[in-house]
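Some notes on the structure that comes next.
Remember, it's 1-based here, ligands and their atoms both numbered in the order they're listed. Positions are given from 1, in the same order as the sequence printed here.
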Amino acid sequence: MNFFLVFQNKSFREEFSGGYLWAPKQNKFGQTFHHWNDMRNVSQGDVIFNSYNGQMVSVLIAKDDCKEHERPVGLDELDLWEKDGYMVEAEYINLVSPINYKDHMDSILQLQGEKYAPFNRAGRGNTGYLFRVTAELANFLFEIIERKNGHTKEQFFIHPITDKQVITEVEEGLDSTAVLDNTEKDLIIKARVGHSRFKNALLNKEMKCKICGVSDSRFLVASHIKPWSKSDNQERLDVNNGLLLCPNHDSLFDRGLISFNENGEILISPSLDEATKVFMNIHDFIQIQLTYQQQYYMEWHREKFFTFSLKTL
Ligand SMILES: [Zn+2]
């Protein structure tokens with residue numbers, strides 16, 4: 001596994017929302033640079049620390065090996081580079097507390113390598129895009145991230161899977177059963193791909209359980225407010241139709257045993273006894289903030305799901 005640091009100052013917003021890294025092959029004078037060419041060394045599972053205005057605001061994991069790719073549409077407006085380039089699809093993990101590289105510069109300078117290192121001797125970022133990070137520097141950065149944000153190093157050593165891999169997995173899994181026709185297969189594939197994108201989009205937006213604040217992404221569930229089975233395709237992928245919840249709170253919400261009124265105050269099914277409420281970590285005074293768009297879906301959940309479950313008591 002390799003580690004890198006990318007300076008994303010001009011392109012951060014576009015690359016973040018598109019979920020990728022991109023660099024041109026050469027500038028308009030035909031010159032190439034190691035900080036662009038090094039993109040070719042990024043492989044699936046590699047970790048890339050970013051720098052945006054002097055701070056690490058997210059950590060990226062490469063979803064796939066680098067490939068040749070034209071300048072994405074999102075970067076066209078900036079019109080800074082030539083069209084031919086390299087792209088790495090990446091999962092962005094946001095840091096709630098950004099890390100100031102300056103605060104740790106002495107150690108960083110000691111631990112970074114000699115060749116193609118991100119910072120110069122004066123502690124300023126080198127001019128360019130992608131730089132190499134030694135394993136020693138990566139370990140140091142992981143320690144700071146854990147101290148400030150609670151993410152452990154192991155959380156970044158995952159292999160996020162691409163849409164293509166999800167499709168392959170589903171197809172291989174389905175072949176063994178071989179009872180589904182193509183339409184059904186298609187539906188399942190769409191659901192799986194959509195769901196992984198849906199969770200990523202929601203993670204970037206909310207980052208922790210809406211109710212209790214659990215932030216370890218391994219335990220967070222992207223719950224649909226209006227259930228998947230009742231939603232149309234647009235609603236299924238609409239990030240506003242999502243709540244990020246921990247497993248306990250998801251299981252309550254998904255069964256319609258809790259919901260929220262128009263002020264975001266919790267509604268709890270009377271079928272839950274006091275002990276269950278304590279163990280499941282809910283109480284009558286919980287209130288969450290809902291956007292106007294989330295309210296639309298929550299009304300459905302409340303009226304059709306929560307109230308309905310009351311009637312069947
Ligand atoms: Zn929770």
Q: Quick one: closest heavy-atom pair of Ser107 and Phe140, and the distance?
A: CB-CZ, 3.4 Å
Q: Could you tell me whether a side-chain N or O of His249 sits under 3.5 Å from a main-chain N or O of Asn281, the two making a donor and an acceptor?
A: yes
Q | Atoms of protein origin (N, O or S) under 2.8 Å from the Zn ion (ligand 1) | A | Cys209 SG, Cys212 SG, Cys246 SG, His249 ND1
Q: Give every residue pair that meets the ring pair (Phe, Tyr, Trp, His ring centres under 6.0 Å) criterion with at least one member in residues 201-221, sequence neighbours excluded.
A: none
Q. Does any pair with a residue in residues 114-124 pass side-chain hydrogen bond (donor to acceptor under 3.5 Å, both in side chains), and if so which ones, sequence neighbours excluded?
A. none
For residues 94-102, which side-chain N or O atoms pair as donor and acceptor with protein atoms under 3.5 Å away, sequence neighbours left out?
{"unit_1": "Asn94", "atom_1": "ND2", "unit_2": "Asn204", "atom_2": "OD1", "d": "3.2"}
{"unit_1": "Tyr101", "atom_1": "OH", "unit_2": "Asn50", "atom_2": "O", "d": "2.6"}

Q: Enter the distance from Lys226:NZ to Glu299:CD here, rounded to the nearest 0.5 Å.
A: 11.0 Å
